[in-house]
Amino acid sequence: MSMRWSLWPVFFVFGCSAPSASYERSLRRWLRAPEAERVGRAADLRAMAAEAQVPAGVRLAAVHQSQRADQAIDADAWLDAEAGAFPGAARFLVSYRKLMQLPERPMPDHARGVALVVVVDRTRQPDVVGDLLATVERPLRERGYYVVPVEVALDILPALAGDPAQDQLGSVDPASLRRMAEFGIDTCLTIDILDFWLHEALAVEVVRYEVWYQLVDTATGAVIWRRPATGSYERRESTDAFPREDEPFFYPSSLGPVFADQIDFVRSMTRGLVRTAPRPR
């Protein structure tokens with residue numbers, strides 16, 4: 001089955017995500033902005049890389065964005081630091097250096113655990129794609145994966161698709177998976193959005209969703225893990241001082257969480273599913 005990969009003008013999930021939701025919202029804003037207005041990202045990433053604890057992918061994303069913005073950065077030193085802090089990404093970083101025509105560095109070949117995230121959107125709702133890309137990174141890292149940053153993903157897609165003119169992978173086929181494996185990507189997580197509808201006023205009130213998460217071993221093509229997120233979420237206060245027991249959509253305030261923003265619901269849905277995924281082998 002052919003699947004369009006909505007890896008947006010930026011997808012790839014490595015993000016430099018901070019423990020709080022603030023990074024997720026920052027990444028979402030960047031993903032939603034028109035490409036011509038995506039400025040200042042390199043500076044933000046470099047500031048994150050200066051913090052005491054640098055999340056996986058931040059240095060790589062900072063190098064990538066600085067090069068795209070034609071800003072000076074010691075790419076060798078930054079990528080060496082990334083490989084030292086996250087040895088599981090070593091093979092991927094070797095391939096990245098070659099692709100970007102940077103000096104090669106000897107790296108251990110036994111490293112594993114690099115994941116590439118692909119969102120397959122069948123609903124044509126770009127906001128949902130951005131929210132998924134912004135929130136899936138942290139739970140994957142918590143499971144032990146090194147996620148390819150959003151900032152890097154789109155630019156390496158042509159190499160993975162085997163067609164320099166193609167900016168998206170048309171399908172998750174054996175040839176594409178094989179190229180991922182050769183590139184140092186061990187697993188591919190596809191998030192297939194079959195249905196997603198949300199009503200949001202002052203808070204998220206009603207959501208209908210069917211989203212499938214699937215991890216595939218790029219070397220063998222075997223499905224490692226697959227889980228669905230399907231159902232609906234309803235949380236509306238009654239407008240009647242004495243609501244009928246059978247009134248539709250009536251949920252007392254004491255029942256269920258309050259999601260103030262769509263990304264909060266998507267984060268909860270994604271984390272609940274991804275935490276059941278197996279750790280890298």
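Nothing fancy with the numbering, it's 1 onward along the sequence.
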Without swapping roles, check the side chain of Glu82 against the backbone of Ala56 for a donor-acceptor pair under 3.5 Å.
-> no
Could you state the interatomic distance from CH2 (Trp78) to CZ (Arg46), rounded to the nearest 0.5 Å?
-> 6.0 Å
Parallel, tilted or perpendicular, as decided by the 30° and 60° cut-offs, for the rings of Phe265 and Tyr233 | tilted
Taking the side chain as every heavy atom from C-beta outward, state whether Val223 and Gln214 have any atom pair closer than 4.5 Å.
-> yes
For the atom pair CD1 (Ile156) and CZ (Arg179), what is the distance rounded to the nearest 0.5 Å?
-> 12.5 Å
For the side chain of Arg208 and the backbone of Ser232, is there at least one donor-acceptor N/O pair under 3.5 Å apart?
-> no
List the steps and the verdict of side-chain contact (heavy atoms from CB on, under 4.5 Å) for Glu151 and Leu27.
-> CA-CA 10 Å; Glu151 289 85 349; Leu27 179 56; 4.2 Å; yes
Val118 and Cys188: which non-hydrogen atoms are nearest, and at how many Å?
-> CG2-SG, 4.1 Å
So, do Arg267 and Phe259 sit near enough that their side-chain heavy atoms are less than 4.5 Å apart?
-> no
Heavy-atom distance under 4.5 Å between the side chains of Ile185 and Leu160, does that happen here?
-> yes
Would you indicate whether the side-chain heavy atoms of Trp212 and Val120 approach each other to under 4.5 Å?
-> no
Evaluate the criterion side-chain contact (heavy atoms from CB on, under 4.5 Å) for residue pair Trp225 and Leu189; output intermediate values, then yes/no.
-> CA-CA 9 Å; Trp225 168 87; Leu189 172 64; 4.0 Å; yes
Applying the 4.5 Å side-chain criterion to the ILVMFWY set and letting contacts propagate, would Leu99 and Leu79 be lumped into a single cluster?
-> yes
Determine, stepwise, if the pair Asp261 / Arg25 fulfils side-chain contact (heavy atoms from CB on, under 4.5 Å).
-> CA-CA 10 Å; Asp261 187 292; Arg25 285 186 164 80; 3.6 Å; yes
So how far is it from Leu102 CG to Leu93 CG, rounded to the nearest 0.5 Å?
-> 10.5 Å
Look up atom CG in Leu177 and atom OG1 in Thr220, then write down how far apart they are to the nearest 0.5 Å.
-> 9.0 Å
Let me see the working for Arg91 and Asp186 under salt bridge (Lys or Arg N to Asp or Glu O under 4.0 Å), right down to the final yes or no.
-> CA-CA 10 Å; Arg91 290 190 307 121; Asp186 309 296; 2.4 Å; yes
Would you give the length of the straight line joining atom CE of Met100 to atom CZ of Arg68, rounded to the nearest 0.5 angstrom?
-> 9.0 Å
Residues Pro280 and Gly144: closest non-hydrogen pair is CG-O, 3.4 Å
Mind checking the CD1-CZ spacing from Ile224 to Arg279? Nearest 0.5 Å is all I need.
-> 14.5 Å
Looking at Ile193 and Val129, what are the two nearest heavy atoms and their distance?
-> CD1-CG2, 4.2 Å
I would like to know whether Asp264 and Val204 meet side-chain contact (heavy atoms from CB on, under 4.5 Å); could you show each step before the answer?
-> CA-CA 9 Å; Asp264 298 326; Val204 173; over 6 Å; no
Going by heavy atoms in the side chains, are Arg271 and Thr135 under 4.5 Å from each other?
-> no
What are the two closest non-hydrogen atoms of Pro103 and Arg97, and how far apart are they?
-> O-NH1, 3.2 Å
Under 4.5 Å between any side-chain heavy atoms of Trp197 and Thr123, yes or no?
-> no
N/O donor-acceptor pair under 3.5 Å between Ser66 side chain and Val63 backbone | no
So do the side chains of Leu60 and Phe92 get within less than 4.5 Å of each other, counting heavy atoms only?
-> yes
For Val54 against Phe86, the heavy-atom pair lying closest together | O-CZ, 3.4 Å
Does the side chain of Tyr213 reach to within under 4.5 Å of the side chain of Leu132, using non-hydrogen atoms?
-> yes
Indicate the atoms forming the closest heavy-atom contact of Leu31 with Gly130, along with that distance.
-> CD1-O, 3.6 Å
Ion pair present between Glu24 and Arg28, side-chain N to carboxylate O less than 4.0 angstrom?
-> no
Salt-bridge present (Arg59, Asp80; N to O < 4.0 Å) = no
Between Gln262 and Asp127, does any side-chain donor sit less than 3.5 Å from a side-chain acceptor?
-> no
